[in-house]
Amino acid sequence: MRHTIIEQFAKSLLFIGAISLLGGSASAQTVTKLIVPTAPGGGTDALFRVASKDAQRFIGGPISIQNVPGAGGTIGLAQVVNSAPDGYTLAGVWPSPVTVVPQTSKVPYTPSDYIPVVQLSTAPYIFCVHPDFPANDGKSFMEELRKNPKKYTYGTDGLGGPAQLATERIFRPQNIQAVDVPYKGAGETIIGFLSNQIDIYVGSIPPVIQHANVGKAKCLLVSSANRNAQFPNASSLKDIGLAKEETLLWRVVLAPKGTKPERINQIAKAYTQAMKEPDTLRYLDEVGESSAVLTGKELQNKLDQEYAAFSQIAKSLNLR
């Protein structure tokens, strides 16, 4: 599986990199610049490269990926909201710069400064424990934590980051108190988990799959309302009566405020079609994500609701 993912990602890097090298030969078509506010090579960057490879066949011109990392994605998103609203400079984001970092830090934009164009995919966070942990499903996992306040530690992708807020969104309604141990990302979290520095891994699915497959991790719960195909035996939030507390790791394309509706529709249709293409679907399956296209008011309402929920959690954790 790992070999397949790397091959697919490498091909997309070469393909889109070649578009930039074409320069003047592509001048007959306007290039759409998609700013991904992460370093190259991560899950968000990889997904947008794979999807954009297909989307550019439907958008009427090449798509150039530009990575602008820093400050939890806020530097890249700020660059997009300050660009001309012609629909040819877009952002490819995940929750951090949109619904998370603004809860704990001052950012140079507000939700009214950008237009949510299309959601491409979603994936849950997953809760995994060591093989000897005294629980085998989501309900018994939650009960063990509830009976033992502050006994167990859970690792996340940083203080006030998406994984911590997603976790507390589940734990707080159940009066569960566990100790957050912040890392710099899921890659570091899984290392801490495997070396027994923490009791619970909370993070994205790809880093833990291989370890669960060989029995080094027991994955009991996902942060989605429904179960995940990669871990069909892990309980969902619906299974434990907390479906309304769902938090998903999503990938969304944003455009600057003022972009014309017809261009918004063109972009949305191109990426919607891309999410039906075999290469993109194959990639999603390999990394445990699901095609989950949302547009228009439905997408706007989703982001508004998550923003409000995370705001309340950040206040309760004294992170603001």
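Numbers for residues simply follow the sequence, beginning at 1. As a basis for the values below, the full set of heavy atoms in this structure was taken, side chains included, without hydrogen atoms, waters or symmetry mates.
- Inter-residue side-chain proximity for Ile205 and Pro124 is flagged as met; some heavy-atom pair is nearer than 4.5 Å.
- Within the 4.5 Å cutoff, side-chain heavy atoms of Ile65 are placed close to those of Ser52.
- Sorted by first then second residue, the disulfide bond (SG atoms under 2.5 Å apart) pairs that include residues 39-110, not counting sequence neighbours, number zero.
- You'll find the side chain of Tyr201 reaches within 4.5 Å of the side chain of Ile190, heavy atoms only.
- Although no hydrogens or angles enter the test, the distance criterion places a donor-acceptor pair under 3.5 Å between the side chain of Gln103 and the main chain of Thr99.
- Atom CG of Leu319 and atom CG of Leu165 lie 7.0 Å apart (nearest 0.5 Å).
- When all heavy atoms are compared, the tightest approach of Leu254 to Pro116 is CD2-CA, 3.6 Å.
- Rounded to the nearest 0.5 angstrom, Asp180 CG and Glu168 CD are separated by 7.0 Å.
- A salt bridge between Arg282 and Asp279 is present, with a side-chain N of the basic residue lying under 4.0 Å from a carboxylate O of the acidic one.
- Under a 3.5 Å cut-off, the side chain of Asn301 and the backbone N or O of Lys297 do form a donor-acceptor pair.
- In this structure, Glu306 and Pro95 have side chains that are in contact, with non-hydrogen atoms separated by less than 4.5 Å.
- With values rounded to the nearest 0.5 angstrom, Ile209 atom CD1 is found 8.5 Å from Ile126 atom CD1.
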Between Gln119 and Arg251, does a side chain to side chain donor-acceptor pair (under 3.5 Å) hold up when you go through it step by step? CA-CA 6 Å; Gln119 174 182 280; Arg251 322 290 186 180; over 6 Å; no

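- Taking a cutoff of 4.0 Å between a charged side-chain nitrogen and a carboxylate oxygen, Arg57 and Glu277 qualify as a salt bridge.
- Taking the six-membered ring for Trp, Phe193 and His130 have ring centres closer than 6.0 Å.
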In sequence, state the C-alpha distance, the side-chain angles, and the governing distance for Thr38 and Asp45, and then conclude on side chain to side chain donor-acceptor pair (under 3.5 Å). CA-CA 7 Å; Thr38 68; Asp45 178 61; 5.0 Å; no

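- A 4.5 Å side-chain heavy-atom check between Tyr125 and Thr156 finds every atom pair outside the cut-off.
- The heavy-atom pair separating Leu294 from Glu298 by the smallest distance is CD2-CD, 3.3 Å.
- Side-chain contact between Arg172 and Leu317 is present, with at least one heavy-atom pair separated by less than 4.5 Å.
- Taking the six-membered ring where tryptophan is involved, the planes of Phe133 and Phe141 are tilted, since the angle between them lies from 30° to 60°.
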CA sep, side-chain torsions, deciding dist, call: Leu284, Leu47, side chain to side chain contact (heavy atoms under 4.5 Å, CB included): CA-CA 8 Å; Leu284 291 174; Leu47 184 279; 3.5 Å; yes

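- In this structure a side-chain-to-backbone donor-acceptor pair under 3.5 Å is missing from Glu246 to Ser224.
- The two residues Leu159 and Gln164 come nearest to each other via the heavy atoms C-OE1, 3.6 Å.
- Looking at heavy atoms from C-beta onward, Trp94 lies in side-chain contact with Leu249 at the 4.5 angstrom threshold.
- What you find for Ala234 and Leu221 is that their closest heavy atoms are CB-N, 3.9 Å.
- The side-chain hydrogen bond (donor to acceptor under 3.5 Å, both in side chains) pairs that include a residue from residues 254-269 are Thr32-Arg263, Arg263-Gln266, where partners are two or more places apart or lie in different chains.
- Distance CZ/Phe48 to CG/Asn67: 11.5 Å, rounded to 0.5 Å.
- The ring of Tyr271 has its center no closer than 6.0 angstrom to the ring center of Phe58.
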Any chance you could lay out the side chain to side chain donor-acceptor pair (under 3.5 Å) test for Ser235 and Asp137, step after step, and finish with the verdict? CA-CA 6 Å; Ser235 300; Asp137 58 27; 5.2 Å; no

Stepwise side chain to side chain donor-acceptor pair (under 3.5 Å) check, Glu144 with Asn148: CA-CA 6 Å; Glu144 175 66 18; Asn148 296 280; 3.1 Å; yes

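- Between Asp239 and Arg227 there is a salt bridge, since a side-chain N of the basic residue sits under 4.0 Å from a carboxylate O of the acidic one.
- To the nearest 0.5 angstrom, Lys244 atom NZ is 13.0 Å from Leu237 atom CG.
- Cys128 places none of its side-chain heavy atoms less than 4.5 Å from the side chain of Phe231.
- Expressed to the nearest 0.5 Å, how far CD of Glu289 lies from CG of Leu281 amounts to 12.0 Å.
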